[in-house]
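Note that this is a predicted model, so its numbers are computed, not measured. Here is how names work: the chains are called A, B, and so on, in the same order as the sequence lines, proteins then strands, and each is numbered from 1.
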Protein chains: 2
Amino acid sequence: MKITALAGGIGGARFLRGLREHLQGRGDDWAGAEITVIGNTADDITLFGLRVCPDLDTVMYTLGGGIHEEQGWGRSDETFGVSAELAAYEVPPDWFTLGDRDIATHIVRTQMLRAGWSLTDVTAALCDRWQPGVRLLPMSDDPVETHVVVAGDDASREAVHFQEWWVREQARRPALEFVFLGAAEAKPTAAVLDAIHGADVVLLPPSNPVVSIGAILQVVGVGDALRAATAPIVGVSPIIGGRPVRGMADACLSAIGVETAAAAVAGHYGARIAGGLLDGWLVANQDASTAGPPGVVQRSHPLLMTTRGEAAGLAGAALDLALELRH
Amino acid sequence: MKITALAGGIGGARFLRGLREHLQGRGDDWAGAEITVIGNTADDITLFGLRVCPDLDTVMYTLGGGIHEEQGWGRSDETFGVSAELAAYEVPPDWFTLGDRDIATHIVRTQMLRAGWSLTDVTAALCDRWQPGVRLLPMSDDPVETHVVVAGDDASREAVHFQEWWVREQARRPALEFVFLGAAEAKPTAAVLDAIHGADVVLLPPSNPVVSIGAILQVVGVGDALRAATAPIVGVSPIIGGRPVRGMADACLSAIGVETAAAAVAGHYGARIAGGLLDGWLVANQDASTAGPPGVVQRSHPLLMTTRGEAAGLAGAALDLALELRH
């Protein structure tokens, strides 16, 4: 049995770890299901000459046991010797601090990319160490970079790299638009398309629908492949009662004119029967009274993933809804 | 007044720090003398995709106050988070451990070199932070790489990078030959040639005469410039009583057929009046009874630089000999 999931960073990673742990406890055919994760790479950034892939690493570290649990990203037991020195050299940027352990990952990745490896193969090599228990695929081996258009001085518009807006500015300036540079030319890898075509179930974890899942969908061919997939597609709402479960998804949703509400996000993804993506949609209990788009089967379940057990329960509920929709 | 010195790593760096401190205490015109250091770059190596310049960094850290004093190379208060992770990824080599603070230097250098800066300009930028009190120049902006020819299995000969022989093998396999790859095509920079032509005094610190000073002399034009310099050239013996002051210079000297003795090293450099480099030669007191090459004025002085005061005294003695030879 094959499960394919799209994923961004923290929320996606915790959901996927929950899914893996849920599958380990199952008593049916799905106990040994293979999980393939299609990771967002549009947040990637080159800092200090090192290629940093925040979402892929968050998934890899979370499922591989190396994550800083409380923080949700970065390495556990981290030190910051390199960053302190880079600051002493006054090398910009000063708003993105990389830990020493994390930097080793970026050094290995950068060295392999420079040697001609694809990001897919580099990611597989890094996962050889971490053994995340899932196959982690970047959405594309081609560069895609999310830029955020904001209002500059004098009524001008300016675009900044997503990380600059997200990390440096904490999304304070309202986003007017997201531009996914390179997305129109980027191709999904054969492994990504195979994972969608060959899936028995497709899950959309509660990752950011605009800049995480949304960025993956910008890669030409991914949306079509999903719409053509034989597997049911079940999404999990990233919104509980009008607020993002975590992060600043509301700042992204407002930029694309979507209300910060579970039903609105489902409407944004759209029902498969109406040319959209969703067959099923999992919302928080307090959002259950508002129906999703026609043709999307909605269920409710607690969405908070504070504990690993809660994450496993949520993933199990999403999988169960998908299995129900297969028959 | 202008002093130009050639330098390798630890010995050269300590001598130069002594020279700077000696000059600060002088009461004559030489108190404010400018020091220009022509550093060996043939030991440089790319590790984990990062450009490492061991000799330049040892000079920069020693004179800039960042050196690990007891060790003589690397940073003080160093940590090894990145290296531990690189080992966990099983990324070779496993025999060259880089500290986190040190790695920041290599990250900055690598990023600037990739952006098109020359090594000369990169080194100047790094020194902006360290303020070593000398102008530190790489011998060339072109790559030169010392390889060591050793006996392989089955009577074959094989060449390994100098660092692999020096650090990994601790010079255990006898060197048959040193090959300075790229030296024939490498050009000294204009700054290097100017520093030699414009010098009032040229000093050769007690650096390794084969792989440090010797590598600098392999750059086409450097030897000719030194021989044509109007400044007196004074060298300091790296040998005391038949043993290297520090390091494994004997393993290098034997490869080129030079005895591990102060007089033999002076003979290897040669007297300027006979087409060599030296006008003056400073040896240890116990080596004073053996004369150097005809035409080289020899003086004796304690050569150990265990304390900064000893290093300053030694540098002062070398400078005094040079000043004596100017008149």
Checklist line | Toward chain A, the part of B/Thr105 with a non-hydrogen atom under 4.5 Å | finding: both
Checklist line | Proximal to chain B - members of residues 64-74 of chain A, heavy-atom separation under 4.5 Å | finding: none
Item checked: Minimum heavy-atom distance between B/Phe48 and A/Ile107, given as atom pair plus value -> O-CG2, 3.3 Å
Notebook entry, point to check: Taking every heavy-atom pair that is under 4.5 Å apart, which of A/Glu90, A/Arg114, A/Met112 has the most such pairs with chain B?
Noted result: A/Arg114
Next item on the list: Go through the structure and list residues passing ring pair (Phe, Tyr, Trp, His ring centres under 6.0 Å) with B/Phe15, not counting sequence neighbours.
Entry: none
Next item on the list: For A/Phe180, check ring pair (Phe, Tyr, Trp, His ring centres under 6.0 Å) against everything at least two apart and list the hits.
Entry: none
Note to self: If I measure from the heavy atoms of chain A, does B/Arg101 come under 4.5 Å with its side chain, its backbone, both, or neither?
What the structure shows: both
Item checked: Inter-chain contacts: residues 121-139 of chain B against chain A, heavy atoms under 4.5 Å -> B/Leu126, B/Arg129, B/Trp130
Notebook entry, point to check: Which atoms form the tightest heavy-atom contact between B/Val82 and A/Ile103, and what is the distance?
Noted result: CG2-CG2, 4.3 Å
Margin query: Does any part of the side chain of A/Val91, heavy atoms only, come nearer than 4.5 Å to the side chain of B/Gln111, both counted from C-beta?
Written below: yes
Note to self: If we define contacts as heavy-atom pairs under 4.5 Å, which of B/Ala84, B/Ala88, B/Ser83, B/Gly81 has the most with chain A?
What the structure shows: B/Ala88
